[in-house]
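Following: one structure in structure tokens, then a few remarks.
For clarity, every value in this text was computed on a predicted model and none was experimentally measured. When reading the values below, keep in mind they use all heavy atoms of this one structure, side chains included, and skip hydrogens, waters and symmetry mates.
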Amino acid sequence: MKELDFLFIYEHKVRELENLCLMKYELDRRGYKTEIVYIDDAENALAEKPIYHAKVVCTMACYDNYTLQWHTKNFVKFEKVIDLQWENIVYPKDEERDGAYKNYWGIGKDVVHVSWGKQNVQRLLNTAHLDEKKIKLTGHVGMDFLRAPLNRYYLSRQDLFKKYQIPIEKKVVLFASPYYGDCLTKEYIAGMCKAFGDDWIEYYQFMCESQKKVLQWFEKICKEHPEIMIIFRPHPGHPSLMADELEKRCDNFRIISTESVKQWILACDKVFTGNSSVVVEAFFAKKMCQLLFPLPTTSGFELKLISDSKKISSYEEFYQSILADKEEFPTPEKSIEDIYLVDWEKLNYVKFADMAEEVLRDDYYCLTKRQLWKYHEYTPKQSLVRIFAAIEPLYNLYLLLLNNTKLKWRPLEYQRRVREKTRKLDYEIEKQHTHELTSKEEIAEIISRIKYAIEN
């Protein structure tokens, strides 16, 4: 097993990788051993025994037993968990609902949780009933990239536009889509309804209809104003078929899902979004951002963050906004400060590293052997297999027999078929998400740019 102090596991590259590299940079600088891996890496998924021993695992989220099992599978042994909670903001209807998906169950009640702001701390205390000592107010590490010195990390406007063949003379408008695409499967929708309530399907319909109207606005402005280019950035992991069709009709409408949203916010002339926290990133970047709401939001789903924001609801308002030189920021600063820690003195990645060191050192944050066994929710048969796999000599003998294809014993033949089926399934999952994979070279390159921005 590879010995680590911290293992970071991510789901969406454009949402998380840069942030994790910043955390890794600081922890490595302090002398710790760290690594970053993708949640659906096929090699890790196929491992029957731990590849890593990490004292602390840092997950994308840890709502319940299933979430942690999805992250860790059988490839990592660990004692502590930090839930980075990249989906820190919940729907208002869930803020005080005890049964809400994001209010934590099972192992989710026992791990350490990162919070971006004071409002979420209160929710975790009063509604989720978590241990106060295991709630850590650090702010959002990603916001550090939008202020000095880390804003030097990103490509310049000229270099970014050259990379994507965007004419430098265009007025470039970013639309950070808040919509869950328009091609979700019935299974996915059923899963979301189970997590967030049956009325989530009404919210999904609201998103599809809103996206349809917004794309109509975009087509009209693109055809009337060829000097304007609109960059449509899909919600992470959610492509849009309607946007794909518009891209075919308009040369000055582009769909670009690569690069982080922060990179595009800094480079573009103006930013638009909808029911999304992107408005906060624009605030920290000191960039104008307006909110497009062609339809009223499904009750209970409009983010509290923007409940008192000014919204654009008609094409005429959108047209005036896109051509305006000066506008007022739509969201009051007080609303942002309630949900995001605003600290212009100390960067959030330093706060995170201080907290991570505390978790690493203090045995208070250790999970018990019972908790570490129970979260897997093994069946009796699976429990016997895991106990067997832990006995090194027996397990090695089993592998030796299994790999000897001359042996045609029926139980071995069955296990070979099971392993082959699992292998094919896991590699198929990885193949579908190739764009999410990273490499040591890519991580090293990101950290090199971070180091340059901070240290030079």
Side-chain angles (χ1 to χ4, degrees), residues 15 87-93 116-117 119 140 142-143 146 171-182 202-222 228 230-236 238 240 242-243 253 261-262 264-266 268-340 342:
R15 180 181 67 186
E87 297 169 337
N88 215 251
I89 299 174
V90 302
Y91 296 128
K93 74 188 198 76
W116 298 344
Q119 186 181 91
H140 190 330
M143 299 302 133
L146 297 166
K171 181 175 184 177
V172 181
V173 175
L174 170 68
F175 179 67
S177 175
Y179 310 127
Y180 276 58
D182 49 20
E202 296 175 24
Y203 180 58
Y204 179 54
Q205 290 165 351
F206 153 80
M207 287 193 283
C208 289
E209 289 301 312
S210 296
Q211 179 176 236
K212 184 178 179 180
K213 284 183 173 291
V214 164
L215 289 173
Q216 289 171 351
W217 295 358
F218 292 167
E219 182 166 15
K220 193 172 181 181
I221 202 83
C222 284
I228 292 174
I230 293 178
I231 304 297
F232 182 95
R233 184 179 183 277
H235 191 278
H238 293 287
S240 166
M242 286 189 287
F253 177 86
V261 70
K262 294 184 284 293
W264 290 105
I265 287 171
L266 288 168
C268 291
D269 296 294
K270 189 167 288 191
V271 181
F272 290 90
T273 189
N275 193 33
S276 167
S277 59
V278 166
V279 68
V280 178
E281 292 172 285
F283 167 80
F284 278 99
K286 299 183 179 178
K287 182 77 65 150
M288 182 51 63
C289 177
Q290 296 296 339
L291 304 173
L292 303 185
F293 280 81
L295 297 170
T297 316
T298 307
S299 178
F301 285 92
E302 183 171 290
L303 301 182
K304 194 170 183 179
L305 166 70
I306 57 175
S307 59
D308 56 355
S309 297
K310 180 183 176 184
K311 302 174 182 70
I312 292 173
S313 58
S314 69
Y315 176 74
E316 290 71 25
E317 291 176 301
F318 170 64
Y319 183 83
Q320 292 173 5
S321 175
I322 210 165
L323 297 180
D325 292 327
K326 290 185 178 181
E327 294 179 283
E328 289 186 11
F329 199 79
T331 303
E333 187 170 340
K334 177 66 169 60
S335 298
I336 293 172
E337 289 177 341
D338 285 345
I339 299 174
Y340 285 76
V342 179

*Give the C-alpha distance, both sets of side-chain angles, the deciding distance and a yes or no for side chain to side chain contact (heavy atoms under 4.5 Å, CB included) between Tyr315 and Ile221.*
CA-CA 9 Å; Tyr315 176 74; Ile221 202 83; 3.8 Å; yes
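- Nearest heavy-atom pair, Met242 versus Gln211, reported as atom, atom and distance to 0.1 Å: CE-NE2, 3.2 Å.
- Between Lys311 and Glu302, at least one side-chain nitrogen of the basic residue sits less than 4.0 Å from a carboxylate oxygen of the acidic one, meeting the salt-bridge criterion.
- Between Tyr91 and Thr298, every side-chain heavy-atom pair lies at or beyond the 4.5 Å cut-off.
- Taking each heavy atom of Ser277 and Ile89 in turn, the nearest pair found is CB-CD1, 3.8 Å.
- Here the straight-line distance linking atom CD of Gln205 with atom CG of Leu295 works out to 12.0 Å at 0.5 Å rounding.
- Side-chain contact between Lys304 and Gln119: present, with at least one pair of heavy atoms (C-beta onward) separated by less than 4.5 Å.
- Taking NE2 of His235 as the start and CZ of Arg233 as the end, the distance is 9.0 Å to the nearest 0.5 Å.
- Contact annotation: the side chain of Ser321 approaches that of Glu327 to within less than 4.5 Å [non-hydrogen atoms, C-beta and beyond].
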*Could you check Tyr204 against Met207 for side chain to side chain contact (heavy atoms under 4.5 Å, CB included), going step by step and ending with a plain yes or no?*
CA-CA 5 Å; Tyr204 179 54; Met207 287 193 283; 4.0 Å; yes
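- Residue Leu291 comes nearest to Ser309 through the heavy atom pair CD1-CB, 3.5 Å, listed as atom of the first residue, atom of the second, then distance.
- A pairwise comparison of heavy atoms in Gly274 and Ile306 identifies O-CD1, 3.7 Å as the closest pair.
- The side-chain heavy atoms of Cys222 and Ile228, taken from C-beta on, include no pair separated by under 4.5 Å.
- Phe218 contributes atom CZ, which lies 7.0 Å from atom CD1 of Ile322 (distance to the nearest 0.5 angstrom).
- The SG atom of Cys289 lies 8.0 Å from the CG atom of Leu174; values are rounded to the nearest 0.5 Å.
- Two residues are said to be in side-chain contact when any heavy atoms from C-beta on lie closer than 4.5 Å; Leu292 and Thr273 fail this criterion.
- With hydrogens and angles ignored, the 3.5 Å screen pairs a side-chain donor or acceptor of Asn275 with a backbone N or O of Leu303.
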*So Phe272 and Ile312, side chain to side chain contact (heavy atoms under 4.5 Å, CB included) or not? Walk me through it.*
CA-CA 10 Å; Phe272 290 90; Ile312 292 173; 4.2 Å; yes
*Does the pair Lys287 and Glu281 meet the rule for a salt bridge (charged side-chain N to carboxylate O under 4.0 Å, His left out), with working shown?*
CA-CA 9 Å; Lys287 182 77 65 150; Glu281 292 172 285; over 6 Å; no
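- Between Phe301 and Tyr203, the angle of the ring planes stays under 30°, which puts this pair in the parallel group of the 30/60° scheme.
- Nearest heavy-atom pair across Thr331 and Ser335 is CG2-CB, 4.1 Å.
- In this structure, Ala285 and Ile265 approach most closely via the heavy-atom pair CB-CG2, 3.9 Å.
- Between Val214 and Phe318, every side-chain heavy-atom pair lies at or beyond the 4.5 Å cut-off.
- A 6.0 Å sphere centred on NZ of Lys213 holds no more than 12 heavy atoms belonging to other residues, nucleotides or ligands.
- Aromatic ring centres of His238 and Tyr179: separated by at least 6.0 Å.
- No side-chain heavy atom of Trp116 sits under 4.5 Å from any side-chain heavy atom of Met143.
- From Glu202, atom CD reaches atom OG1 of Thr297 across 13.0 Å, with rounding to the nearest 0.5 Å.
- With rounding to the nearest 0.5 Å, the separation of NZ in Lys310 from CD in Glu317 is 7.0 Å.
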*In sequence, state the C-alpha distance, the side-chain angles, and the governing distance for Val172 and Ile230, and then conclude on side chain to side chain contact (heavy atoms under 4.5 Å, CB included).*
CA-CA 6 Å; Val172 181; Ile230 293 178; over 6 Å; no
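- For Phe175 and Phe232, the distance between ring centers is under 6.0 angstrom.
- Counting heavy atoms from C-beta outward, Pro294 and Trp217 have side chains that approach closer than 4.5 Å.
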